[in-house]
Trainee: 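Shown below is the structure under consideration.
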2 protein chains.
Amino acid sequence: MSTEPEVPTNRPPTLTDVARLAGVSVATASKAINGRGEVRAATRVRVLEAAELLSFAPNALARGLLSGRTGTVGLLTSDLEGRFSIPILMGVEDAFGAGQVSVFLCDARGDAIREQHHVRALLSRRVDGLIVVGSRTDPRPPLAGNIPVPVVYVYDPSANPDDISITVDNVGGGRLAIEHLLACGRRNIAHITGDAGFQAARDRAEGAAAALADAGLGLIGDRPYFGSWDESWGRAAAHMLVEQHPETDAIFCGSDQIARGVLDTLRDLGRDVPRSTAVIGFDNWEAIAADSRPRLTSIDMNLKHLGAVAGQRLFAAIGGAVPGSEKFPGRIVMRESTLPVG
Amino acid sequence: MSTEPEVPTNRPPTLTDVARLAGVSVATASKAINGRGEVRAATRVRVLEAAELLSFAPNALARGLLSGRTGTVGLLTSDLEGRFSIPILMGVEDAFGAGQVSVFLCDARGDAIREQHHVRALLSRRVDGLIVVGSRTDPRPPLAGNIPVPVVYVYDPSANPDDISITVDNVGGGRLAIEHLLACGRRNIAHITGDAGFQAARDRAEGAAAALADAGLGLIGDRPYFGSWDESWGRAAAHMLVEQHPETDAIFCGSDQIARGVLDTLRDLGRDVPRSTAVIGFDNWEAIAADSRPRLTSIDMNLKHLGAVAGQRLFAAIGGAVPGSEKFPGRIVMRESTLPVG
DNA sequence: GCCCACTTCGAAAACGATCTCGAAATCCGA
DNA sequence: TCGGATTTCGAGATCGTTTTCGAAGTGGGC
């Protein structure tokens, strides 16, 4: 159906080519194509046909040079392999995907020098704005130098409160988890989580403690079991926990991986989940949570949505608005590892 | 140390500004900054100082408009959330990261229309080349329309053999897995894998069968156990397998998730891994393989390297070379789920 | 003092699109 | 058929950089 025009020239067609073919000036061709200015209907049709025939695509460089707007955005991520950057990145893509914005992807590998280098390159490409996405929630130093375009920080907030940061409410997430366990009728709740050096671990623990306090309760062992984020810590901590506090009837885990380890140990020890002990994870990492035995209830941080919001806020900021920072709550995804008693 | 110059103008400085400050013409300023042409040393220094003072960054749009080269590349991925795109994407980033190439990221979400739309946008931005990365190894239709820039397909090859495709040698991967199990002294080897609708599943099975045939052996059950790629299939298939063929002493799994399921079931049935039954996975997905009990030996497809090669080949093609398609072998990552007998 | 070779510099064109504003074409009624 | 109002169109400037090529400046040898 699409008869490729016989254009042996490898050089992409320019507006001049279109104008020549249509027998008009470039000015008229431009107006006809963009629907601007006064162009007779017949002329417009002639130009559009010519453009179609040559499969003309306007040179975005020339357009950007003139208008000062490129319709591009820089996406700086500190670690691509990180689990958190990807959904956020998808959200950003979604936010722009429909429109005419393209996204430059830059991975700084967590190196400040490299980041600086990328920022320089992006600015020289005259991006309209920047999105900085991190993989830890600990506040990060803002981009160095005076950036002449709007910047939005996602997941990992800027240390400068005047910057626009879109983050996750980890305190609320911890609260959410505990409230669910309480609603399931559990009262002896422990918290096994990752490295206390992470703000995320401390925040979730804080939310958990607060929710328990509201119910007149405290954590089993009086404090969280801080460790690392992986399965083996989950297994080890669960062993300790069951030994020291066999009365435990629910465990809030700081990550789904920890939760997997906990599930394994509980199974080994013959403790039924969720009947004897409920387990709830964090992150809702499908590959980990959706196919365990039993399938894992978890807190989902809506990272994709976070990314989409970041894109929207950046877009608004480019338009001249001055959006403030925002913090988003997670949601609970219920599966079989938590069930009401009775 | 870096005293920000007091430049109240928000408009980024142009070469004209630099030239004026240095007291030379724009032509001279350009030559001084790019090290081209004949410029007296003293003049060059003056220009460079002026540029530094204004923190001048050349407008890449103007440069690209003139030279016809933008130093940008489009990266089309079919699914960002897919496990395979990400390492490849990192490799591509790495391949260009050091240089002056920037990468446009576009996620087509597996939708051909959307892909077409993105291609159009990228071409209008005058990218120097395109990389198309897929998430299945089944050959895909090449990009529609006549693309005026080089294209490299990664992981997912183009159906057109004249295109440049950089792929994984899944047949070789299957062979690798079996040869390792044979080297460990196993003889009764089964293969539990994913959906037979996937080329990857068929290729790996083919390689496995070939390696066994070379040793005068065949698969337990005479054929692979095709199913799905997840843990629950691994558990179910392992149950069947042990019941029907208790003599099995090794299981080659088509994915690490399947392998996790298999490990679970073997544990339930009291079969020691690796002593009674060795288990090997595929993908070497760290989060899944590195913390299981026992830790999982797996085939790593070097996806990051694949991406890096794709970047290099694209770069060569942009330079005028005509690289051919390539297929890369995986490597085995040894952990404790396979051990030599004795 | 003169001429030539060589170095250093700048004016201007070019890339491709958009926008302004003046010129040309068209239409209307009288 | 003509004058004026209204469309419709096009020449040229513009964005910021690179590159060409000619002009100017410098120095040296005789």
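Residue numbering restarts at 1 for every chain, and letters A, B, ... go by the order of the sequence lines. Remember, it's a predicted structure, so these values are computed and weren't measured experimentally.
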Trainee: C:dC19, OP1 or OP2 - any side-chain N/O from A:R36 closer than 4.0 Å?
Mentor: yes

Trainee: Using the C1' atoms of five pairs at each end, what's the angle between the two axes of the helix from C:dG1-D:dC30 to C:dA30-D:dT1, to 10 degrees?
Mentor: 60°

Trainee: Between B:V168 and B:L306, is there a side-chain heavy-atom distance shorter than 4.5 Å?
Mentor: yes

Trainee: In whole Å, what is the span from the CG atom of A:N59 to the P atom of C:dC15?
Mentor: 12 Å

Trainee: So does A:R109 pair up with A:D79, basic N to acidic O under 4.0 Å?
Mentor: no

Trainee: Any chance you could measure A:Y153, atom OH, to A:D163, atom CG, to the nearest 0.5 Å?
Mentor: 4.5 Å

Trainee: Identify, with sequence neighbours excluded, every residue that meets side-chain contact (heavy atoms from CB on, under 4.5 Å) alongside B:R69.
Mentor: B:S67, B:D128, B:I318

Trainee: In residues 120-129 of chain B, which ones come under 4.0 Å of DNA chain D, going by heavy atoms?
Mentor: none

Trainee: Are B:R140 and B:E115 side-chain neighbours, meaning at least one heavy-atom pair lies under 4.5 Å?
Mentor: yes

Trainee: Do A:D169 and A:F328 touch side chain to side chain, with heavy atoms closer than 4.5 Å?
Mentor: no

Trainee: Rounded to whole angstrom units, what separation is found between the CG atom of B:L66 and the P atom of C:dA14?
Mentor: 11 Å

Trainee: Nearest-Å distance, CG (A:D17) to P (C:dG16)?
Mentor: 8 Å

Trainee: Which is the 5'-most and which the 3'-most nucleotide of DNA chain D that has an atom under 4.0 Å from a heavy atom of chain A?
Mentor: D:dT8 to D:dG16

Trainee: Can you name the side-chain contact (heavy atoms from CB on, under 4.5 Å) partners of A:V149, sequence neighbours left out?
Mentor: A:L123, A:L130, A:I147

Trainee: Look only at the side chain of B:T70 and the backbone of B:R126, and say whether a donor-acceptor pair between them is shorter than 3.5 Å.
Mentor: yes

Trainee: Below 4.0 angstrom, N of the basic side chain to O of the carboxylate: do B:D17 and B:R11 qualify?
Mentor: yes

Trainee: Output yes when A:E38 and A:R44 qualify as a salt bridge under the 4.0 Å nitrogen-oxygen rule, no when they do not.
Mentor: no

Trainee: Restricting to nitrogen or oxygen on both sides, can you table the protein-nucleotides 7-11 of chain C pairs closer than 3.5 Å?
Mentor:
from	atom 1	to	atom 2	distance (Å)
C:dC9	OP1	B:R40	NE	3.4
C:dC9	OP1	B:R40	NH2	3.2
C:dC9	OP1	B:T43	OG1	2.4
C:dC9	OP2	B:R40	N	2.7
C:dC9	OP2	B:T43	OG1	3.4
C:dG10	OP2	B:S25	N	3.0
C:dG10	OP2	B:S25	OG	3.3
C:dG10	OP2	B:T28	OG1	2.7
C:dG10	O6	B:K31	NZ	2.6

Trainee: Do we see a donor-acceptor contact under 3.5 Å between the side chains of B:R125 and A:S102?
Mentor: yes

Trainee: Judged by atom type as modelled, is there a donor-acceptor pair below 3.5 Å linking the side chain of B:T137 to the main-chain atoms of B:A200?
Mentor: yes

Trainee: Between CZ of B:R20 and OG1 of B:T14, what distance do you get to the nearest 0.5 Å?
Mentor: 7.0 Å

